[in-house]
There are 2 protein chains.
Amino acid sequence: MPRDENKNLEIRDARKEQILSAAAKVFARRGMVAAKISDIAKEAQLSHGLVYHYFESKEQIFVTLVKKASDKSIEVVNEANQYNGTPIQKLTWMTETILRSIATGEGIYLYLIMIQASTSDAVPAEVRDVLMGDNANSPVFATIPIIIEGQNEGEIVKEDPVKLAVTYYAFIQGLAINKIQWKECPLPEAKLIMNVFQTKQEVTK
Amino acid sequence: MPRDENKNLEIRDARKEQILSAAAKVFARRGMVAAKISDIAKEAQLSHGLVYHYFESKEQIFVTLVKKASDKSIEVVNEANQYNGTPIQKLTWMTETILRSIATGEGIYLYLIMIQASTSDAVPAEVRDVLMGDNANSPVFATIPIIIEGQNEGEIVKEDPVKLAVTYYAFIQGLAINKIQWKECPLPEAKLIMNVFQTKQEVTK
DNA sequence: GTCTATACGCTGATAGAC
DNA sequence: GTCTATCAGCGTATAGAC
């Protein structure tokens, strides 16, 4: 295979990433419907015609991003599970990781895209299924075992684990939303959020 | 003034309410841009021409709803302030009230519309200003005095009050989002959320 | 691979009949 | 007050030049 073809493939992948990265920003801030291909093209600094050279449609770009976001969010839970420590320590590590990605990185875009994909009727049902089709594959459900483990060890309050997981992710999503609307908004430390789960500590006077 | 004119006024108001109520649902689920006038008309069971008889534009309908939502959310904070009790009790009452409106009533639509108005670049800047123009008038800032009061009384943890208020509303917004995407999702009790704020209780063995 | 020019459909908004 | 018919503008997606 001649060198040129390899080079072309590299360009192809680079352009695709460039477009996806730009699209993530635009989708996160405007929503799947309001985001225009021309917005994405402008953000990526290329013509809108070229976007269609790399992706079939606006929807396909969105789906690609939703998949990516879903994978990443589950990956974090799995890493947390391998983390060496008590369930509360696992959750703390996970929360710190997520908060950091919201505060600094591209993470926030991915969270906002997942929120849109799952909450808006404007996105086609097939897209929503990517995220919800398999409940077992959602971060909420992946987190439940850690919570149950913590309850068995007496570290975590004896509430419905589903309720606790829902509450936890409500928090995360809510913070992502706040951050996008108010750039300098102070984010809480992971410890503060852990208060929701933890059984009351005994305080020595 | 003849009877007919009064009757007409009644119809006018009723229709307006009918349209606003339908619009709230549609906007909440699809977002301001993706929501079509025809969607709203269908939901309200009247022609799209008639919608324009009562409102100048789609944007005006949206603005009206954002104002309404903003007023209501601040009203709750004010009521909480008048509630007789300690700061934590005030916040607990407020949280219960909000959670109830999310669980059962139209409240959830209003919260989702506020979220969209404040987070999406797709809504015109003027609309966002309705909500954010006067920081002093936002629920977040209205809640801060209660938090400070609680800190002075040693009931609430000594963290940056702004951070605590942001965290609190992140929670509320996150729960509204969860509820819309999963109708049967279990909502936490107010008490659980209060754990975030409260100084650790002493537990007697 | 990359761009510009163009077609087609959809939706917000208006006009005018009833 | 209420509806239907219609226009104008915009945005996705395509075709074809370079």
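Hydrogens, waters and symmetry mates are skipped; everything else that's a heavy atom, side chains included, is used.
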Item to check | With sequence neighbours excluded, residues passing side chain to side chain contact (heavy atoms under 4.5 Å, CB included) with A:Leu99 | outcome: A:Thr95, A:Leu175, A:Ile193
Next on the checklist: Go through it in stages, so that I can follow the logic: the residues are A:Asp121 and A:Arg128, the test is side-chain contact (heavy atoms from CB on, under 4.5 Å), and I'd like the CA-CA distance, side-chain angles, deciding distance and then a yes or no.
Outcome noted: CA-CA 9 Å; A:Asp121 280 4; A:Arg128 245 170 299 144; 4.1 Å; yes
Checklist entry - Which atom names give the shortest non-hydrogen contact between B:Ala35 and B:Val26, and what distance separates them? => result CB-CG1, 3.7 Å
Checklist entry - Which atoms form the tightest heavy-atom contact between A:Leu65 and A:Leu110, and what is the distance? => result O-CD2, 4.4 Å
Next on the checklist: Under the ring pair (Phe, Tyr, Trp, His ring centres under 6.0 Å) definition, can you give me all pairs with a residue in residues 96-124 of chain B, not counting sequence neighbours?
Outcome noted: none
Checklist entry - Where along residues 14-37 of chain B does a heavy atom fall under 4.0 Å from DNA chain C? => result B:Ala35, B:Lys36, B:Ile37
Next on the checklist: Please list all pairs meeting ring pair (Phe, Tyr, Trp, His ring centres under 6.0 Å) that have one or both residues in residues 47-84 of chain A, counting only residues at least two apart or in different chains.
Outcome noted: A:Phe27-A:Phe62, A:Tyr83-A:Trp93
Item to check | Heavy-atom pair of closest approach, residues B:Ile88 and B:Met194 | outcome: O-SD, 4.3 Å
Item to check | Validation row: B:Lys67, B:Val63 side chains within 4.5 angstrom (heavy atoms) | outcome: yes
Checklist outcome for this item: The correct set of residues in residues 46-64 of chain B placing a heavy atom under 4.0 Å from DNA chain D is B:Leu46, B:Ser47, B:His48, B:Gly49, B:Leu50, B:His53, B:Tyr54
Checklist entry - Judged by atom type as modelled, is there a donor-acceptor pair below 3.5 Å linking the side chain of A:Lys90 to the main-chain atoms of A:Asn81? => result yes
Checklist outcome for this item: Min and max contacting nt of DNA chain D in 5' to 3' order, chain A heavy atoms within under 4.0 angstrom, are D:dG11 to D:dT14
Next on the checklist: Give me the atom names and distance for the closest heavy-atom approach of A:Pro139 to A:Met114.
Outcome noted: CG-CE, 4.4 Å
